[in-house]
Amino acid sequence: VPIVVDGHVIGVIEALNPTDDVFDEEACRLLSAVANIAAVAIRNAKLYQRALQAESRYENLFDSSTNVVVVLDLAYVILDLNRRAQELFAQPRGQLIGADFWGLLGLSPREIHSILDAVAERAPYSLQVTIESRGEVHTIESQFAQVSYGPRDAIQWVGHDVSERVALERLREDMTH
């Protein structure tokens with residue numbers, strides 16, 4: 001009996017009868033059912049392997065991004081963050097996971113309220129923040145957006161360090177005045 005996955009025969013199941021009798025129709029149906037179950041199991045195993053590979057690619061992209069990426073629950077507690085975020089906040093991952101995100105940004109209640117309103121409407125919200133880290137001041141252009149994170153909704157904060165651009169703009173401004 002052929003094992004068929006996505007319209008292609010990928011194998012066969014062979015049954016041997018120790019007697020000279022031929023298999024009856026019920027035995028053939030049973031063997032076909034076993035072949036179908038095997039085909040489903042093989043297809044699911046392949047799909048699972050592809051999902052694991054995609055997850056691994058995503059994790060590599062997430063962690064190696066030059067942008068700061070932080071994933072928050074809907075109460076703005078940090079669920080996940082990439083290596084660049086750990087560097088920016090100058091704290092180990094273990095201390096940042098579960099931390100209150102607003103405390104790290106140092107935003108005013110008015111700014112927080114604006115962000116909460118926008119994210120609740122599922123609208124992206126852009127914000128420029130200044131973060132001091134290891135004696136340096138970083139200007140971060142960032143965006144908040146609601147995303148799916150596994151089985152739940154979450155908020156993703158993506159920041160791009162524009163400190164050098166801001167410093168050049170200030171230098172240009174100083175030179176022109």
Side-chain angles (χ1 to χ4, degrees), residues 5-6 40-177:
V5 175
D6 296 329
V40 169
I42 291 167
R43 184 171 192 284
N44 286 346
K46 287 180 178 182
L47 291 172
Y48 181 72
Q49 185 63 34
R50 285 178 42 198
L52 288 177
Q53 290 169 347
E55 183 178 18
S56 178
R57 281 192 306 272
Y58 168 77
E59 287 175 2
N60 286 335
L61 288 170
F62 177 82
D63 203 47
S64 64
S65 175
T66 57
N67 287 328
V68 178
V69 183
V70 180
V71 180
L72 314 163
D73 67 13
L74 297 181
Y76 293 89
V77 172
I78 297 174
L79 297 173
D80 201 1
L81 67 159
N82 68 351
R83 186 181 68 244
R84 182 68 184 102
Q86 292 172 62
E87 293 168 1
L88 177 68
F89 295 121
Q91 294 181 35
R93 179 182 182 78
Q95 286 181 340
L96 291 166
I97 298 292
D100 173 38
F101 187 65
W102 301 126
L104 293 172
L105 292 186
L107 297 176
S108 72
R110 186 177 57 76
E111 290 171 310
I112 293 170
H113 185 68
S114 296
I115 294 167
L116 293 174
D117 287 346
V119 172
E121 298 286 325
R122 292 193 172 269
Y125 186 89
S126 298
L127 176 72
Q128 190 173 83
V129 295
T130 303
I131 298 172
E132 188 173 334
S133 173
R134 296 187 176 132
E136 295 180 14
V137 175
H138 297 271
T139 303
I140 308 294
E141 283 184 352
S142 61
Q143 186 168 26
F144 291 85
Q146 194 159 354
V147 296
S148 293
Y149 185 71
R152 60 181 162 185
D153 284 339
I155 297 158
Q156 180 174 273
W157 181 72
V158 178
H160 181 71
D161 193 335
V162 294
S163 301
E164 290 179 11
R165 186 184 80 204
V166 169
L168 287 172
E169 288 172 1
R170 284 186 190 136
L171 183 61
R172 186 183 71 217
E173 183 72 24
D174 290 345
M175 293 177 78
T176 58
H177 286 86

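Keep in mind the model is a prediction, meaning the values are calculated, not measured. Along the sequence shown, residues are numbered consecutively beginning with 1. When reading the values below, keep in mind they use all heavy atoms of this one structure, side chains included, and skip hydrogens, waters and symmetry mates.
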Open item on the list: With rounding to the nearest 0.5 angstrom, report the CH2 to CD1 distance, Trp102 to Ile115.
Closed with: 4.0 Å
Open item on the list: Does Arg43, at its CZ atom, have more than 12 non-hydrogen atoms belonging to other residues, nucleotides or ligands within less than 6.0 Å?
Closed with: no
Task: Residue pair Tyr76 / Val119, side-chain heavy-atom distance below 4.5 Å - done: yes
TODO: Let me know which of Val77, Asp73, Val71, Ile78 forms a side chain to side chain contact (heavy atoms under 4.5 Å, CB included) with Phe101.
DONE: Ile78
Task: Within-4.5 Å side-chain heavy-atom neighbours: Glu111 and Leu105 - done: no
Task: Test side-chain hydrogen bond (donor to acceptor under 3.5 Å, both in side chains) applied to Thr139 - qualifying residues, sequence neighbours left out - done: none
Compile the donor-acceptor pairs under 3.5 Å between side chains in residues 142-161 and protein atoms, sequence neighbours left out, one pair per line.
{"residue": "Ser142", "atom": "OG", "partner": "Leu127", "partner atom": "O", "Å": "2.9"}
{"residue": "Ser142", "atom": "OG", "partner": "Trp157", "partner atom": "NE1", "Å": "2.9"}
{"residue": "Tyr149", "atom": "OH", "partner": "Asp80", "partner atom": "OD2", "Å": "3.3"}
{"residue": "Asp153", "atom": "OD2", "partner": "Arg122", "partner atom": "NH2", "Å": "3.0"}
{"residue": "His160", "atom": "ND1", "partner": "Asn67", "partner atom": "OD1", "Å": "2.8"}
{"residue": "Asp161", "atom": "OD1", "partner": "Ser163", "partner atom": "N", "Å": "2.9"}
{"residue": "Asp161", "atom": "OD1", "partner": "Ser163", "partner atom": "OG", "Å": "2.5"}
{"residue": "Asp161", "atom": "OD2", "partner": "Arg84", "partner atom": "NH2", "Å": "3.3"}
{"residue": "Asp161", "atom": "OD2", "partner": "His138", "partner atom": "ND1", "Å": "2.8"}

Open item on the list: To the closest 0.5 Å, what do you measure between CZ (Arg93) and CG (Asn82)?
Closed with: 9.0 Å
Task: Atom pair CG/CZ of Leu88 and Arg134 - distance to nearest 0.5 Å - done: 9.5 Å
- [ ] Just jot down the side-chain hydrogen bond (donor to acceptor under 3.5 Å, both in side chains) partners of Gln91, sequence neighbours excluded, or say none.
- [x] none
Could you tabulate the donor-acceptor pairs under 3.5 Å formed by side-chain atoms of residues 49-62, not counting sequence neighbours?
{"residue": "Asn60", "atom": "ND2", "partner": "Ser56", "partner atom": "O", "Å": "3.4"}

Open item on the list: I want to check something: taking the side chain as every heavy atom from C-beta on, are Val70 and Leu104 in contact at a cut-off of under 4.5 Å?
Closed with: no
Task: Derivation and outcome, side chain to side chain contact (heavy atoms under 4.5 Å, CB included), residues Leu168 and Arg172 - done: CA-CA 6 Å; Leu168 287 172; Arg172 186 183 71 217; over 6 Å; no
Open item on the list: Just to verify, what does Asp117 make a side-chain hydrogen bond (donor to acceptor under 3.5 Å, both in side chains) with, not counting sequence neighbours?
Closed with: His113
Open item on the list: Going by the rule ring pair (Phe, Tyr, Trp, His ring centres under 6.0 Å), which residues pair with Tyr125 if we only count those two or more places apart in sequence or in a different chain?
Closed with: none
Task: Between CD1 on residue Ile97 and CD on residue Gln86, distance to nearest 0.5 Å - done: 8.0 Å
